[in-house]
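Here the structure comes first, spelled out in structure tokens, and everything after it is commentary.
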Amino acid sequence: FLHVLVAIGLLAHSIMLFVRSLKVHSKPWIWISTIGMVGIMTAFSNGLSFLDFNHDINSFIMAMGYIIAVVAYTSGLLIDRTNDLKKKRA
């Protein structure tokens, strides 16, 4: 049960990040949040499918969706940090 609550929280926050990136017109964050949100949606839907059908492929796709989201959001943080360092040097 707790797994589902965490998944719903991640999904809600990924949608909020996507909407926020659209509001500030940040092209890098629009791409990053889109990729992360798709990864979380994939993980969420396949996690629910795994609970119903118990197929190994659903578990695998769920894990891959999570990994895609983590890599996207981590890349976004690193890109932001690099841009901040470049601004400080200039």
Side-chain angles (χ1 to χ4, degrees):
F1 177 72
L2 189 58
H3 245 111
V4 177
L5 289 178
V6 170
I8 291 170
L10 286 171
L11 185 60
H13 281 85
S14 70
I15 292 169
M16 284 190 280
L17 180 63
F18 175 70
V19 170
R20 187 171 289 168
S21 66
L22 286 175
K23 284 183 179 179
V24 297
H25 304 290
S26 173
K27 284 193 180 193
W29 274 106
I30 290 172
W31 279 102
I32 291 163
S33 63
T34 301
I35 294 168
M37 184 175 58
V38 167
I40 289 177
M41 286 180 174
T42 301
F44 184 79
S45 63
N46 279 281
L48 292 177
S49 295
F50 181 73
L51 291 175
D52 286 340
F53 306 115
N54 207 20
H55 295 298
D56 291 339
I57 190 70
N58 293 118
S59 179
F60 176 73
I61 295 172
M62 177 181 63
M64 295 307 294
Y66 172 75
I67 290 169
I68 288 169
V70 167
V71 169
Y73 293 134
T74 304
S75 299
L77 293 174
L78 290 174
I79 289 169
D80 261 3
R81 180 165 168 75
T82 304
N83 288 340
D84 286 346
L85 289 174
K86 285 181 182 176
K87 288 178 185 175
K88 286 181 181 178
R89 290 182 187 159

Nearest heavy-atom approach of G39 to I68 is CA-CG2, 4.4 Å
Nearest atoms (heavy-atom pairs only) where I32 meets G76:
CD1-CA, 3.3 Å
Suppose we screen for side-chain contact (heavy atoms from CB on, under 4.5 Å). Which residues come up paired with A69, at least two apart in sequence or across chains?
I40, Y73
dist N83:CG -> S26:OG (nearest 0.5 Å) comes out at 9.0 Å
Just verifying a value: how many Å separate I8 CD1 and H3 NE2, rounded to the nearest 0.5 Å?
12.5 Å
Side-chain heavy atoms nearer than 4.5 Å, only ILVMFWY residues, links allowed to pass through others: does that put [X] and [Y] together?
| X | Y | result |
| --- | --- | --- |
| M37 | I30 | yes |
| V4 | V6 | yes |
| L48 | L10 | yes |
| M16 | V19 | no |
| F18 | M41 | yes |

Hey, is the main chain of V71 close enough, under 3.5 Å, to the side chain of T74 for a donor-acceptor pair?
no
Neighbour count >12 (heavy atoms, 6.0 Å) for atom CZ, F44:
yes
Between W29 and L17, is a side-chain contact (heavy atoms from CB on, under 4.5 Å) present by the stated rule, with each step listed?
CA-CA 9 Å; W29 274 106; L17 180 63; 4.1 Å; yes
Write out all pairs satisfying side-chain hydrogen bond (donor to acceptor under 3.5 Å, both in side chains) with one or both partners inside residues 42-63, taking only residues at least two apart or from two chains.
N46-N58
L78 vs S75, test: side-chain contact (heavy atoms from CB on, under 4.5 Å). Steps then yes/no.
CA-CA 5 Å; L78 290 174; S75 299; 5.7 Å; no
